[in-house]
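For reference, the structure discussed in these notes is given below.
Only a predicted model underlies this, so the values are computations on that prediction, with no experimental measurement involved. Quick note: residue numbers are just sequence positions, from 1.
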Amino acid sequence: MRPHPIRQRALPAALAVLLAFVLLPAAGLVTNGPVARAATEIRPRITGIQPLDHEVYGYLPYWRLDAGTVDRIQYDLVSTIAFFGIGIKSSGALDTNWVGYKEYVGDDAAAVTNAAHDHGVRVVPTFQLFDSAAGYPKMTKFLTSTAAQDTFITQALDLMAARKADGAGLDFEPVGGLNPLGIYYVPFVAKFAAAMHKRFPGSQLVNATSVGSSERIIRGLVPSVDRQMVMTYNYRWSGSTIAGAIAPLDHAARNVKIHMDRILQWAPAKSLLLGVPYYGYDWPVTTTVPNASVRSDKTTFGSVKSVTYASARDFLAAHPTVKRQYDALEGSAFYTYRDDAHATYRQVYFDDEQSLGAKYDYAIVSGYAGVGIWTLDNDQGYPDLWNVLRAKFYAPIHGVAVDGRVWGVRRVTGSVYATVRLYATVTGTVPERGAFRWTLRDGTGKLVTWGTMPSRILYPQHKVLVTVRVRLGTAAALRAGTYTLRVRLISSRTTWRSPTFSFRQRY
């Protein structure tokens, strides 16, 4: 299931969150026909504003909506705000009594929509159908009924028109994998996409895709949806027996790179959004070492709790003796603390600015359309995650420091050899892809030898070292004296050059 952690400092699981909000009243509603409308008029989106060089698709759930939400979002750093979520009944009718619907048509959502539209940001509803019951009766009834699908399409498009939506998101769970309903899901999405694009030309349809989805679903959705937002998170959860990264980028039996490589077999990179989490989990554990064993007796030692980025930072600020650490192997922030009330240690893993920055770098070099955030406003009160988005996608700095050295000049059976070392360090904020090219010249400026190395990816703050053993020529033909090395790193964007390195060739 898609994780719904997360109201800050509160409910740890999807069901608890849903039940907590189901009876809340919605404010600012004016009923006019079948669609409830906020008292605030929705302004259309201003087109032509494209400040980002990748898509940033941010989910904004109803439990994050309040009167202050409109002022907490940095609109220049998101390309789409996806309100979550509008429930679908088995009959195809929208669940207008559900709090997600009421919040979407309320004044708080209208204020966010207008602010987003004024900045050229798309705003869309997310239509959801979750079914965890044996045999998936609700989903089965909907996906096998033409009448139910027609009802949904009519009501969904009418709601989108009333809210001046710029497209829609779909989140059906579970679908695919072990759920045999995947055979019905792809044609339903195609049907909805055709109707949506006919009524709203230029609109965008995004499907929330599980990492375990079948080839049938992933490949089948490509012609119908504009993007698949891959839910590459919640690898560890409330039921895990070992604490650890909830979205390990690498170096785990199940990790982001493994699943994205699998999906790339059936969907082009430019159609994918990499899902990233703004949340984590707090487990009762047996030791203080990283990746500690989770205690099984939750009655004695306390339950597993979900945390947001903000609540984790709040805890660390309130407990200065607890230090944030970094799991460099899997890529995640974590900390361990003592829970005296339950006589146990607890360990918290959550994605932070460092781990998210690494995921953004991976998305960039992999050629994905962008990233999808679950969820916006989980970092409430902290600018750090906004700053990472700005550095990677809004105002990226491109820079590489290139250098070179020559050493070990030796004469071997009449020929002169040397070792050339090439260095490159990304000094900007985003990865670079480039190929080394180097030249060696004698004291007169005559080219003695040169070489190239295949293009490679360089990551921010990582130094690349390449060592090459080269033959300068015969000692009889070479001139003794001062020689020079120059190195370039050539990318599709620009060329970075090294300072001139001088060395002595005495043969």
Side-chain angles (χ1 to χ4, degrees), residues 4 7-8 17-18 21-49 51 56-88 93-128 152 154-171 196 199-200 202-206 373-380 386:
H4 296 98
R7 188 169 177 87
Q8 190 168 329
V17 171
L18 301 183
F21 285 93
V22 68
L23 298 178
L24 290 181
L29 293 177
V30 178
T31 301
N32 184 14
V35 176
R37 295 178 172 83
T40 304
E41 182 65 27
I42 303 294
R43 297 191 291 272
R45 181 171 68 97
I46 298 175
T47 60
I49 303 175
V56 178
Y57 192 90
Y59 286 97
L60 184 60
Y62 56 82
W63 56 87
R64 281 291 173 209
L65 268 175
D66 57 42
T69 305
V70 63
D71 296 321
R72 294 194 296 267
I73 296 173
Q74 296 191 30
Y75 297 95
D76 55 345
L77 301 181
V78 288
S79 54
T80 301
I81 295 174
F83 284 110
F84 185 91
I86 314 299
I88 306 170
L94 301 183
D95 189 350
T96 57
N97 291 322
W98 176 243
V99 65
Y101 178 93
K102 292 181 178 180
E103 288 292 340
Y104 177 58
V105 299
D107 282 338
D108 293 338
V112 171
T113 301
N114 282 335
H117 278 176
D118 290 348
H119 287 81
V121 176
R122 293 179 183 268
V123 182
V124 303
T126 305
F127 297 105
Q128 62 172 105
F152 163 71
T154 297
Q155 293 192 10
L157 298 184
D158 285 347
L159 177 64
M160 292 165 59
R163 310 310 297 160
K164 292 185 173 62
D166 307 293
L170 295 175
D171 189 1
M196 186 189 80
R199 184 163 175 181
F200 307 112
S203 59
Q204 185 184 67
L205 180 60
V206 174
I373 297 169
W374 182 262
T375 72
L376 292 177
D377 212 34
N378 270 0
D379 58 341
Q380 184 179 144
W386 289 115

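Between Ala109 and Leu65 the shortest heavy-atom distance is CB-CD1, 4.0 Å. Scanning all heavy atoms of the two residues, the minimum distance from Ile49 to Ile46 falls at CD1-CG2, 3.9 Å. When all heavy atoms are compared, the tightest approach of Ser203 to Gly167 is CB-CA, 3.8 Å. Looking at every heavy atom in both residues, Val121 comes nearest to Ser79 through CG1-O, 3.5 Å. Of all heavy-atom pairs between Gly120 and Arg45, the closest is O-NH1, 3.3 Å. The shortest heavy-atom contact between Val124 and Asp166 is CG1-C, 3.8 Å.
Using modelled atom types and a 3.5 Å distance limit, the side chains of Asp158 and Gln155 yield no donor-acceptor pair.
Side-chain contact between Arg72 and Leu376 is absent, with no heavy-atom pair separated by less than 4.5 Å. With a 4.5 Å cut-off on side-chain heavy atoms, Gln204 and Thr80 count as touching. In this structure, the side chains of Tyr59 and Asp377 stay at 4.5 Å or more apart for every pair of heavy atoms.
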task = Verify side-chain contact (heavy atoms from CB on, under 4.5 Å) between Leu60 and Thr375, making sure each step is shown before the conclusion.
result = CA-CA 6 Å; Leu60 184 60; Thr375 72; over 6 Å; no

key: Asp118 and Tyr75: CA distance, side-chain angles, deciding distance, side-chain contact (heavy atoms from CB on, under 4.5 Å) verdict   = CA-CA 9 Å; Asp118 290 348; Tyr75 297 95; over 6 Å; no

request  = Starting from the C-alpha separation in whole Å, work towards a yes-or-no answer on side-chain contact (heavy atoms from CB on, under 4.5 Å) for Phe127 and Leu159.
outcome  = CA-CA 11 Å; Phe127 297 105; Leu159 177 64; 4.2 Å; yes

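Taking CG from Asn97 and NZ from Lys102, the interatomic distance works out to 5.5 Å, rounded to the nearest 0.5 Å. Taking OG1 of Thr40 as the start and CG of Asn114 as the end, the distance is 7.0 Å to the nearest 0.5 Å. Atom-to-atom distance recorded for Phe83:CZ and Arg64:CZ is 14.5 Å, nearest 0.5 angstrom. Atom CE of Met196 is separated from atom CG of Leu205 by 4.5 Å, given to the nearest 0.5 angstrom.
Panel note: side chain Thr126, backbone Leu170; no donor-acceptor pair is recorded below 3.5 Å.
The side chain to side chain contact (heavy atoms under 4.5 Å, CB included) test with Glu103 singles out one residue from Tyr62, Phe84, Trp98, and that residue is Tyr62.
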